[in-house]
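Only one structure is covered here, and it is reproduced in the block below.
Because only heavy atoms are used, hydrogens play no part in the values below, and waters and symmetry mates are left out as well, while side chains stay in. A note on names: the letters A, B, ... follow the listed sequences, proteins ahead of strands, and every chain is numbered from 1.
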Amino acid sequence: MKISDQHADFFERVYEIVRLIPKGRVTNYGSIAIALGTPKSSRMVGWAMNAAHGKHDVPAHRVVNRNGMLTGKMHFATPTKMQELLEAEGIIIVDDQIQHFSSHFWDVTENLLNDLS
DNA sequence: AGCTTGACTTTGA
DNA sequence: GTCAAAGCCAAGC
């Protein structure tokens with residue numbers, strides 16, 4: 001399914017993007033929201049992640065808030081699961097904060113341009 | 001139909 | 001730089 005498919009459910013479009021995040025990289029809710037064409041619904045992206053449980057192919061742990069903080073860690077199976085997954089991908093986390101966040105950041109819209117071409 | 005709730009972001013002080 | 005307040009909008013009740 002194409003991300004540009006406006007007929008798809010909101011959640012499905014979110015999942016589609018999250019699945020594109022490369023291993024070892026992270027992005028924030030706002031970028032995903034922008035990619036969806038609804039920049040103001042960044043909170044909804046988080047809501048979608050809530051429903052992403054059970055979607056084993058949706059790496060929700062690679063989505064953090066704009067400060068690189070693991071705000072959603074408490075919604076995982078265990079509060080430490082998110083950090084463990086990220087660290088397993090080579091990302092360093094201290095006090096729920098991703099270190100060198102800007103260098104790990106993956107711009108969604110950048111990849112979308114590629115995808116839509 | 002209306003009201004509440006957020007895994008957020010932006011803005012203004 | 002920090003902090004509080006407001007805006008956002010889909011889902012659930």
What does [X] touch in the nucleic acid at a heavy-atom separation under 4.0 angstrom: a base, only the sugar-phosphate, or nothing?
X	result
His61(A)	nothing
Ala60(A)	base
Asn65(A)	sugar-phosphate

Atom [atom1] of [X] to atom [atom2] of [N]: distance rounded to whole Å?
X	N	atom1	atom2	value
His53(A)	dA11(C)	NE2	C1'	16 Å
Phe10(A)	dC8(B)	CZ	P	13 Å
Ile32(A)	dC9(C)	CD1	C1'	16 Å
Leu36(A)	dC8(C)	CG	C1'	14 Å
Asp96(A)	dC8(B)	CG	P	13 Å
Met69(A)	dT2(C)	CE	P	11 Å
Asn67(A)	dT2(C)	CG	C1'	12 Å
Arg66(A)	dA7(B)	CZ	P	17 Å

| field | Pairing nucleotide - dC9(C), Watson-Crick or G-U, each distance under 3.5 Å | value |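 When the pairing criteria are applied, dG6(B) turns out to be the nucleotide that pairs with dC9(C).
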| task | Please determine, for dC3(C), whether a Watson-Crick or G-U wobble partner exists with both distances under 3.5 Å, and give it or none. | result |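 Pairing partner, where one exists within any strand: dG12(B).
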| Closest-nucleotide 5' rank along DNA chain C - winner of Trp47(A) and Lys40(A) |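 Closer to the 5' end of DNA chain C: Lys40(A).
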| task | Name the residue closer to the 5' end of DNA chain C, choosing between Ser42(A) and Phe11(A) according to the nucleotide with the nearest heavy atom. | result |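 The answer here is Ser42(A).
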| query | Under 3.5 Å, is there an N or O donor on one side and an acceptor on the other linking the side chain of Arg43(A) and the base of dC9(C)? | reply |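 No.
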| task | Considering just the side-chain nitrogens and oxygens of Thr38(A), establish if one lies under 4.0 Å of OP1 or OP2 belonging to dC8(C). | result |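 The answer is no; no side-chain N or O of Thr38(A) sits under 4.0 Å from OP1 or OP2.
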Using only atom types and a distance under 3.5 Å, with no angle test, would you say the side chain of [X] pairs donor to acceptor with the backbone of [Y]?
X	Y	answer
Asp95(A)	Gln97(A)	no
Ser42(A)	Tyr29(A)	no
His75(A)	His53(A)	no

| query | Which residues pass the side-chain contact (heavy atoms from CB on, under 4.5 Å) test with Ile34(A), sequence neighbours left out? | reply |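 Ile34(A) satisfies side-chain contact (heavy atoms from CB on, under 4.5 Å) with Pro39(A), Thr109(A) once adjacent residues are dropped.
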| query | Would you call Glu12(A)-Lys55(A) a salt bridge at under 4.0 Å N-O? | reply |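 Yes, charged N to carboxylate O under 4.0 Å.
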